[in-house]
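Numbers restart at 1 for each chain; the letters A, B, ... are given by sequence-line order, proteins then strands.
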Amino acid sequence: MSRRTRKLLIGAFLALAAPLAGCGGSETTGGAQGEASDGKTLAAIKARGYIRCGASQGTVGFGAPDDKGYWRGLDVETCRAIAAAVFGDKNKARFIPLTGQQRLTALQTGEIDVLPRTTTWTLLRDANGVNFTYPNFYDYTGFMLRKDKGVRRVQDMTGASVCIQTGSMPEVTFADVSRKYDLKLRPVVFDSVPATRQAFFGGRCDALITDASALASIRATQAQNPEDYVIIPANDEVTALAPSVRHGDDQWFDIVKFAFHAMLMAEQLGINQANVDEMRQSRDPIVQRFLGVEPGNGKALGLSEDFAYNIVKQLGNYGEMYDRNVGKDSPLKIERGMNRLQRDGGLMVPIGFY
Amino acid sequence: MARPSPARESTASASTGWRIAQVAIVLSLVGLFAWLASNTAQNLHSRGIMVGFDFLWRGARFPIAESLLPYDPTDSFGWAFVVGLGNTLYITLLVIVLSTALGVVVGVARRSSHPFASGLSAVFVDTCRNMPIVVQLLFWYAVVAFGLPDTDHASHPLPGVWFTDRGLYFPRLHLDGPLLPGVFVLVVGLGWAWTVRRRDQRRRTETGRSPHAGRKIVAGTLVAAVLVAATTGLRPSLEYATLGRFNYMGGVTLTPEFVAILVGLTVYSTAFAAEIIRGGLDAVPRGQWEAARAIGLSEHQTLRLIVLPQAMRLIIPPMTSQYINIMKNSTLALVVGYPELNFITATTINQTGQALEGVGILMAIFLAISLGASWLMNLYNQKLGLVTR
């Protein structure tokens with residue numbers, strides 16, 4: 001079909017949507033950056049008594065309720081760290097399960113305060129009403145296939161059917177990879193995470209595409225025999241999964257950022273859940289400032305001076321959180337890899353607490 | 001309808017009160033919408049959300065599993081919407097045709113004096129009408145996607161046909177050779193068949209005998225096809241699906257998603273259509289049947305020539321809303337992964353974050369099509385209406 005015909009058809013389509021033309025216009029509103037932040041999010045949270053966090057519909061290791069209904073996972077603890085910073089209590093957080101499709105809208109509309117939910121940081125998302133804070137997990141996009149298909153790399157996948165969840169970045173990666181290597185991959189797209197996984201394990205598709213971390217989680221918890229499946233990278237890009245907040249409240253943006261950086265900094269400084277009380281006696285001025293023994297940091301953020309201490313005391317440092325949820329002490333057993341501190345050869349860089 | 005006059009007066013005075021109330025209601029509704037609109041605009045601004053339809057011209061980049069219109073991820077979001085609308089209309093039209101045809105069969109069967117036919121259709125209607133459509137769609141999807149064998153053990157009911165959990169594969173018909181002369185011969189053949197039918201009809205009106213026009217047309221089409229093949233060298237050929245490393249390739253594929261939405265929606269809508277048609281038939285007075293029998297028409301002729309034309313007037317208005325329902329229900333294809341307009345909109349909203357615009361487009365399109373459809377059906381209904389002089 002020629003481009004011109006297409007333009008005509010799109011035009012006709014828009015004509016059908018004509019009642020909307022009145023409320024459209026194509027101006028871009030600038031947002032509220034530059035104005036002094038009034039800390040309204042923090043005030044609202046304090047009045048409410050808990051933080052509302054966007055959560056997944058159940059990705060073990062990142063965010064899922066356990067058999068007692070208590071939410072666990074790397075993303076969940078990223079949010080609990082903020083609760084520990086604001087209230088001194090990691091349990092003053094509630095988790096609202098959202099589909100991939102709802103999550104950004106829920107944040108933009110104020111239904112949730114922060115969105116730590118394996119959300120890939122991209123330009124278009126960032127530009128459209130939200131601010132990404134800092135990646136709490138570096139990931140890549142992968143395909144999971146049955147081992148007996150004998151696939152070692154993407155180029156072996158010509159003609160394969162691939163189950164995809166709609167509204168995800170892997171959806172775009174899928175199309176890009178298929179085009180790049182001319183693989184004629186066949187998409188089978190679903191709206192919900194469970195339907196996508198069920199279709200894959202039910203044999204509707206040869207492969208499942210999503211973040212490699214999620215694939216590891218699915219393999220560990222939903223495959224009858226995890227050994228039967230392989231995960232191969234779809235491309236050589238790194239994706240940064242980052243919590244995000246809505247535009248318009250810079251103070252809250254800072255709090256979310258530094259609640260996470262406290263965990264990185266604790267690991268950098270060798271502070272963990274077990275020794276944090278002891279470290280309070282440390283003569284190292286950097287440690288003193290970090291743990292709030294020497295005041296200043298807390299006041300600057302609008303929090304109590306011991307916010308970093310509370311986080312480490314209740315949740316540990318980033319390494320502990322990683323190992324417990326997705327690393328060596330979890331069923332997922334994802335290598336620390338890119339998620340090591342920069343000091344250890346990874347991409348995680350703690351920002352200075354002074 | 002005769003009302004005592006004091007009551008009339010009180011109605012009149014009440015109606016002034018009502019008029020004021022109406023104005024108040026309308027004003028408060030307008031006010032409510034204005035308030036909502038200004039809030040929305042303010043919220044969008046304060047949250048820095050981009051508003052506008054520019055995104056329609058950007059590359060969509062996401063894949064669409066299957067579509068009637070050609071689509072490639074390099075196409076724009078706007079084109080993706082058109083492709084989704086194409087799929088919506090495609091599935092809607094297919095379901096309308098199938099469910100109407102089946103609905104006539106079931107509806108007539110339900111009035112049948114044969115207890116088996118009427119009992120079976122009653123069970124069918126009650127079962128399918130009273131179960132939520134989403135449940136039925138998931139059921140059919142499970143039947144196709146998990147009930148059929150995998151590609152290595154495909155069910156092979158006919159030559160060139162394979163049923164697998166990846167879909168139903170059929171041979172594709174290709175026409176090799178000069179197409180234009182073939183079409184010409186075909187058109188001439190069909191024209192001839194039409195004249196034969198006209199002549200037979202005229203003869204029937206004159207003599208009362210009914211010649212077998214149907215058989216002549218079938219024979220004529222066959223002769224035409226043979227002639228086409230012989231004179232122009234146009235040959236049909238079949239392309240079979242073949243098993244590749246992962247899937248069957250080539251041929252015609254009906255994916256499990258398509259089969260689930262087509263079968264699920266057709267079965268559900270047939271139950272409603274059957275009830276509408278039965279209701280229409282029941283409303284034609286018994287005297288009409290008896291009169292037709294008295295002048296010697298067969299049961300079939302009575303139905304076709306006497307009862308159906310009268311029943312149509314009662315059938316069309318509810319059928320219109322049924323057809324519109326089919327289109328609206330097609331949005332549930334989302335749960336079985338068939339990419340119609342709603343599905344594409346959901347994906348677009350997620351890829352762009354333009355939720356208001358996406359939902360707005362979706363609403364406007366469905367409203368436009370629904371209003372258009374009911375306008376057309378009203379026209380048709382007026383044409384069929386009783387002409388009173």
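- Residues Phe190(A) and Val336(B) share a closest heavy-atom pair of CE2-O, 4.0 Å.
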Inset, instruction - Start with the C-alpha distance between Arg179(A) and Asp72(B), add both sets of side-chain angles, then the distance that settles side chain to side chain contact (heavy atoms under 4.5 Å, CB included), and finish with yes or no. - result: CA-CA 10 Å; Arg179(A) 206 161 79 220; Asp72(B) 187 86; 4.2 Å; yes
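- If you measure heavy-atom distances from Val151(A) to chain B, the contacts under 4.5 Å come from both the backbone and the side chain.
- The local environment of CD in Glu237(A) is sparse, with at most 12 non-hydrogen atoms from other residues, nucleotides or ligands closer than 6.0 Å.
- Arg52(A) CZ: more than 12 foreign heavy atoms inside a 6.0 Å radius.
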Inset, instruction - Applying side chain to side chain contact (heavy atoms under 4.5 Å, CB included), run through Arg166(B) and Val188(A) and close with a yes or a no. - result: CA-CA 10 Å; Arg166(B) 299 292 171 81; Val188(A) 182; over 6 Å; no
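- Comparing Ile164(A), Asp191(A), Leu185(A) by how many heavy-atom pairs each has under 4.5 Å with chain B, the most go to Asp191(A).
- Only the backbone of Tyr248(B) comes within less than 4.5 Å of a heavy atom in chain A; its side chain stays farther off.
- Separation of atoms CZ (Arg204(A)) and OH (Tyr141(B)) is listed at 5.0 Å; rounding is to 0.5 Å.
- Using a 4.5 Å cut-off between heavy atoms, Asp156(A) contacts chain B through both its backbone and its side chain.
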Legend entry - Derivation of the side chain to side chain contact (heavy atoms under 4.5 Å, CB included) call for Leu124(A) and Phe55(B): CA-CA 11 Å; Leu124(A) 286 180; Phe55(B) 72 97; over 6 Å; no
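- Remark: Trp162(B) CH2 is packed, more than 12 non-hydrogen atoms of other residues, nucleotides or ligands lying under 6.0 Å away.
- Of the atoms belonging to Asp165(B), heavy atoms from both backbone and side chain fall under 4.5 Å from chain A.
- Phe201(A) pairs by the ring pair (Phe, Tyr, Trp, His ring centres under 6.0 Å) definition with Tyr229(A), not counting sequence neighbours.
- Heavy atoms from other residues, nucleotides or ligands lying under 6.0 Å from CZ of Phe170(B) number more than 12.
- Contacts between Val144(B) and chain A at a heavy-atom distance below 4.5 Å are absent for every atom of the residue.
- Looking at every heavy atom in both residues, Pro63(B) comes nearest to Phe174(A) through CG-CD2, 3.5 Å.
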Legend entry - Evaluation steps, side chain to side chain contact (heavy atoms under 4.5 Å, CB included), between Asn128(A) and Gln354(B): CA-CA 9 Å; Asn128(A) 198 7; Gln354(B) 315 268 340; 4.0 Å; yes
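- If you take OG1 on Thr158(A) and CE on Met249(B), they are separated by 7.5 Å, rounding to the nearest 0.5 Å.
- Of the inter-residue distances, the one linking Leu104(A) atom CG with Gln351(B) atom CD reads 10.5 Å to the nearest 0.5 angstrom.
- When Ser161(A), Ala195(A), Ala199(A), Gly150(A) are compared by the number of non-hydrogen pairs under 4.5 Å with chain B, Ser161(A) comes out ahead.
- Put simply, CG on Leu356(B) and CD on Gln108(A) are 9.5 Å apart, with the number rounded to the nearest 0.5 Å.
- Highest contact tally toward chain B, considering only Lys149(A), Gln102(A), Gln198(A), is held by Lys149(A) [criterion: heavy-atom pairs under 4.5 Å].
- Phe81(B) touches chain A through backbone and side chain together, each having a heavy atom under 4.5 Å away.
- Interface remark: Leu148(B) contributes no atoms to any contact with chain A (heavy atom separation under 4.5 Å).
- To the nearest 0.5 Å, the span separating OG1 on Thr99(A) from CG on Asn350(B) amounts to 7.5 Å.
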